[in-house]
Amino acid sequence: MPEEIILKRILIIRSEKVILDFHLTEFYEVDTRTLKQAVKRNIERFPDDFRFELTTEEVDLLVSQNVIPSKSNLGGAVPSAFTETGVAMLSSVLNSPRSIEINIAIMRTFVAIRKLALNYQELMLRIDEIEKSNEVKFSSIFQILRHLTSPESKRQLIGFKQSKK
C-alpha cells in the first residue's frame with residue numbers, strides 16, 4: 001500500500017491524527033459491518049483514546065470538506081475514528097494476511113509523520129537560534145550597506161566613470 005494513499009486518509013479530529021473506519025475498510029478490503037462487529041466483540045481493547053465515534057457536527061464538517069461525499073454514504077452508521085494506537089490494536093482483532101500487511105504500512109506512515117514533525121520542529125528551533133545569535137552581525141551588515149548606498153557617503157566611488165563632455 002503506497003504511503004501517499006494512507007497519508008490522504010489520515011485526518012486530524014479532536015487534535016488527534018485518525019483514520020476513519022470506512023477508510024480502513026477500503027484498505028483491509030472488508031465491509032464496514034465486519035470491522036464494526038470485530039470492534040464491538042472486542043470493545044475492551046478500544047478505549048476512547050484508541051477509538052471514538054464522531055459527533056453529528058464532526059460528520060457535517062467532514063461532509064462539507066468533502067472527506068465524506070455525503071451522509072448517505074455512511075448508511076445510517078456513525079463513523080468511528082481510530083487513532084494510531086487504535087489502528088495498531090485492530091491488528092489483534094483483524095488477523096488476515098491483508099490486515100497485517102496494511103497495519104504495517106499504516107504504522108510506518110504514522111512513524112514517518114512523527115519524524116517529519118520532529119524534523120520541522122528541530123529546523124524551526126535552529127532558525128531561531130541562528131537569528132538570535134547573529135542578530136548583531138545582521139544589523140552590522142545593514143548599517144554597512146546603508147552607509148555604502150547613502151548619497152551623503154564621503155567615500156570615493158569606484159568603477160566605470162563617464163567623462164563629462
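Side chains included, hydrogens not; waters and symmetry mates left out as well; all remaining heavy atoms used. We number each residue from 1, following the sequence as shown.
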Taken to the nearest 0.5 Å, the spacing of E84 CD from E16 CD works out to 10.0 Å
Does S80 offer a backbone N or O that forms a donor-acceptor pair with the side chain of D21 under 3.5 Å? yes
dist I102:CD1 -> L24:CG (nearest 0.5 Å) comes out at 9.5 Å
When rounded to the nearest 0.5 Å, the distance separating CZ of F82 from CG of L90 is 4.5 Å
* Is the closest side-chain heavy-atom distance between E26 and R9 below 4.5 Å? -> yes
Residues P79 and F22: closest non-hydrogen pair is CB-CE2, 4.1 Å
Is it the case that atom CZ in R33 sees more than 12 heavy atoms from other parts of the structure closer than 6.0 Å?
no
Is the backbone of D49 close enough, under 3.5 Å, to the side chain of T83 for a donor and an acceptor to pair up by distance?
yes
The reported gap from CE in M89 to CZ in F46 (rounded to nearest 0.5 angstrom) is 6.5 Å
With heavy-atom distances below 4.5 Å as the criterion, would you say the side chains of I10 and I113 are in contact? yes
* Asked: Is it the case that one hydrophobic cluster holds both M107 and L7, taking links as side-chain heavy atoms less than 4.5 Å apart, direct or via other members?
  -> yes
I13 and L62 have their tightest heavy-atom pair at CD1-CD1, 3.9 Å
Q) In terms of hydrophobic clustering (I, L, V, M, F, W, Y; side-chain heavy atoms under 4.5 Å; direct or indirect links), are V78 and L61 co-clustered? A) no
Q: Ignoring hydrogens and angles, tell me if any N or O in the side chain of S99 forms a donor-acceptor pair with the backbone of L94 under 3.5 Å.
A: yes
**Request:** Decide whether R45 and S92 meet the rule of one side-chain donor and one side-chain acceptor closer than 3.5 Å.
**Result:** yes
Rounding to 0.5 Å, atoms CD (E4) and OG1 (T109) come to a distance of 8.5 Å
Shortest non-hydrogen pair, A88 vs N103, comes out as O-ND2, 3.9 Å
- [ ] Assess whether atom NZ of K36 is packed by more than 12 heavy atoms of other residues, nucleotides or ligands within 6.0 Å.
- [x] yes
With heavy-atom distances below 4.5 Å as the criterion, would you say the side chains of L20 and L11 are in contact?
yes
All heavy atoms of E58 vs all of E53, minimum pair found to be OE1-O, 4.3 Å
- Is it possible for you to say whether L35 and I5 belong to one hydrophobic cluster, with membership spreading through side-chain heavy-atom contacts below 4.5 Å? yes
Separation between OG1 (T85) and CZ (F110), nearest 0.5 Å, reads 9.0 Å
* Asked: Would you find a donor on one side and an acceptor on the other, under 3.5 Å apart, between the side chain of R51 and the backbone of I43?
  -> no
Does T34 reach the main-chain N or O of V30 with its side chain, forming a donor-acceptor pair under 3.5 Å?
-> no
